Amino acid sequence: LNTKTKTEVSKILKNINAALKEGGLLLLELFNYDTIEELGNRQPYWLSKLEGSFSPQPHLILKDYEWVHDGHFSVCRYHIVHADTQNVELYTERLQAYSYHEYTELFEKNGFSVVSKFNSLANERDTTGLNLFGLLLKKTA
């Protein structure tokens, strides 16, 4: 849900709510606020790849980050420079940050209550470094 705007998240939650029976459960894995803010404040860097997600050919990836304080979201821009053509493509990733209180308000507004909170949905400690956490929600309306 963090990759969507607040308006889009509300629409998604309303659709999920409509699809669930009364008392139905929804399990989500979410970012905490601090992690998204830290991502937005990272230093730019670059790396080269012989192949990868952006191209099956050699390419250079330049990444820069931005934390938008007023909107509480981070932006990561991927500038992909293709070695064979020197063409540059730009991909942008946006992550909306929510405090735990904002998450619960958002879910309650869309007909859910929090049943349980988990440190991670992985069986073992979260090794991604992203400090994800899980929430089990119950349809209430």
Side-chain angles (χ1 to χ4, degrees), residues 1-83 85-141:
L1 293 180
N2 297 100
T3 62
K4 306 294 183 193
T5 66
K6 291 180 178 182
T7 302
E8 291 170 327
V9 169
S10 285
K11 287 179 185 176
I12 290 167
L13 289 172
K14 286 176 183 167
N15 286 338
I16 293 170
N17 187 292
L20 288 174
K21 294 179 183 178
E22 187 64 34
L25 300 174
L26 172 62
L27 181 63
L28 298 172
E29 188 167 50
L30 304 161
F31 286 95
N32 69 46
Y33 188 100
D34 293 340
T35 298
I36 293 177
E37 184 176 7
E38 288 169 15
L39 288 169
N41 287 315
R42 285 185 176 177
Q43 293 298 309
Y45 74 93
W46 65 273
L47 60 115
S48 61
K49 295 277 207 169
L50 294 175
E51 62 179 46
S53 302
F54 294 106
S55 175
Q57 303 297 321
H59 57 283
L60 186 66
I61 303 172
L62 302 120
K63 291 177 77 172
D64 70 272
Y65 303 88
E66 179 183 3
W67 170 247
V68 180
H69 181 74
D70 292 345
H72 306 280
F73 64 88
S74 69
V75 177
C76 175
R77 286 175 283 275
Y78 300 82
H79 307 264
I80 311 304
V81 182
H82 297 276
T85 63
Q86 287 77 48
N87 287 341
V88 178
E89 294 179 308
L90 175 64
Y91 298 92
T92 304
E93 175 182 65
R94 180 189 183 281
L95 291 173
Q96 182 67 51
Y98 297 92
S99 67
Y100 183 76
H101 179 71
E102 288 172 318
Y103 276 125
T104 57
E105 280 184 345
L106 177 66
F107 296 134
E108 287 172 4
K109 181 178 108 178
N110 288 288
F112 292 95
S113 64
V114 176
V115 175
S116 298
K117 180 180 178 188
F118 309 94
N119 290 333
S120 172
L121 295 184
N123 287 335
E124 300 172 9
R125 184 178 161 90
D126 178 18
T127 59
T128 63
L130 297 175
N131 297 317
L132 299 168
F133 68 94
L135 285 180
L136 181 61
L137 306 176
K138 182 178 183 179
K139 178 178 175 170
T140 56

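Computation of the quantities below employed the complete heavy-atom set of this structure, encompassing side-chain atoms and omitting hydrogens, waters and symmetry-equivalent molecules. These numbers come from a predicted model, not from an experiment.
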Sequence neighbours excluded and cut-off under 3.5 Å, please list the side-chain donor-acceptor pairs for residues 26-33, or say none.
from: E29; atom 1: OE2; to: L121; atom 2: N; distance (Å): 3.4
from: N32; atom 1: OD1; to: D34; atom 2: N; distance (Å): 3.2
from: N32; atom 1: OD1; to: T35; atom 2: N; distance (Å): 2.8
from: N32; atom 1: OD1; to: T35; atom 2: OG1; distance (Å): 2.9
from: N32; atom 1: ND2; to: N131; atom 2: O; distance (Å): 3.3
from: Y33; atom 1: OH; to: H72; atom 2: ND1; distance (Å): 2.6

>> Going by the rule side chain to side chain contact (heavy atoms under 4.5 Å, CB included), which residues pair with K109 if we only count those two or more places apart in sequence or in a different chain?
In response: S10

>> For the backbone of Q57 and the side chain of H59, can you confirm whether one donor and one acceptor N or O come within less than 3.5 Å of each other?
In response: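 Yes, the answer is positive, given that a donor and an acceptor are paired below the 3.5 Å cut-off.
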
Roughly how far, to the nearest 0.5 Å, is [atom2] of [Y] from [atom1] of [X]?
X    : Y    : atom1 : atom2 : value
S74  : R42  : OG    : CZ    : 9.5 Å
F112 : F107 : CZ    : CZ    : 8.5 Å
L106 : S99  : CG    : OG    : 10.5 Å
T3   : R94  : OG1   : CZ    : 9.5 Å
E93  : Y65  : CD    : OH    : 8.5 Å
N2   : Y98  : CG    : OH    : 7.0 Å

Considering all heavy atoms of both residues, which atom of [X] and which atom of [Y] are nearest to each other, and what is their separation?
X    : Y    : result
A97  : W67  : CB-CH2, 3.9 Å
V115 : L137 : CG2-C, 4.2 Å
K117 : Y100 : CD-CE1, 3.7 Å

> E8: what forms a side-chain hydrogen bond (donor to acceptor under 3.5 Å, both in side chains) with it, not counting sequence neighbours?
Replying inline: T5

>> Using the side-chain hydrogen bond (donor to acceptor under 3.5 Å, both in side chains) criterion, which residues pair with H101? Sequence neighbours excluded.
In response: E105

>> Within the supplied structure, the quantity of interest is the number of heavy atoms (other residues, nucleotides, ligands) at a distance under 6.0 Å from L90 CG; does it exceed 12?
In response: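 Yes - once you tally the heavy atoms of other residues, nucleotides and ligands closer than 6.0 Å, there are more than 12.
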
>> Can you confirm if the aromatic rings of Y103 and F133 lie within a centre distance of less than 6.0 Å?
In response: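 Between Y103 and F133, which both carry aromatic rings, the centre distance is below 6.0 Å.
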
> Tell me, which pairs form a salt bridge (charged side-chain N to carboxylate O under 4.0 Å, His left out) where one or both residues lie in residues 52-80, sequence neighbours left out?
Replying inline: D64-R77, E66-R77

Result block: side-chain N/O donor-acceptor pairs under 3.5 angstrom for residues 12-25, not counting sequence neighbours:
from: N15; atom 1: ND2; to: K11; atom 2: O; distance (Å): 3.4
from: N17; atom 1: ND2; to: N110; atom 2: O; distance (Å): 3.1
from: N17; atom 1: ND2; to: G111; atom 2: O; distance (Å): 3.0
from: N17; atom 1: ND2; to: A141; atom 2: O; distance (Å): 3.2

> Between Q43 and Y45, do the side chains contain an N or O donor and an N or O acceptor separated by less than 3.5 Å?
Replying inline: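 Distance-only check fails for Q43 and Y45.
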
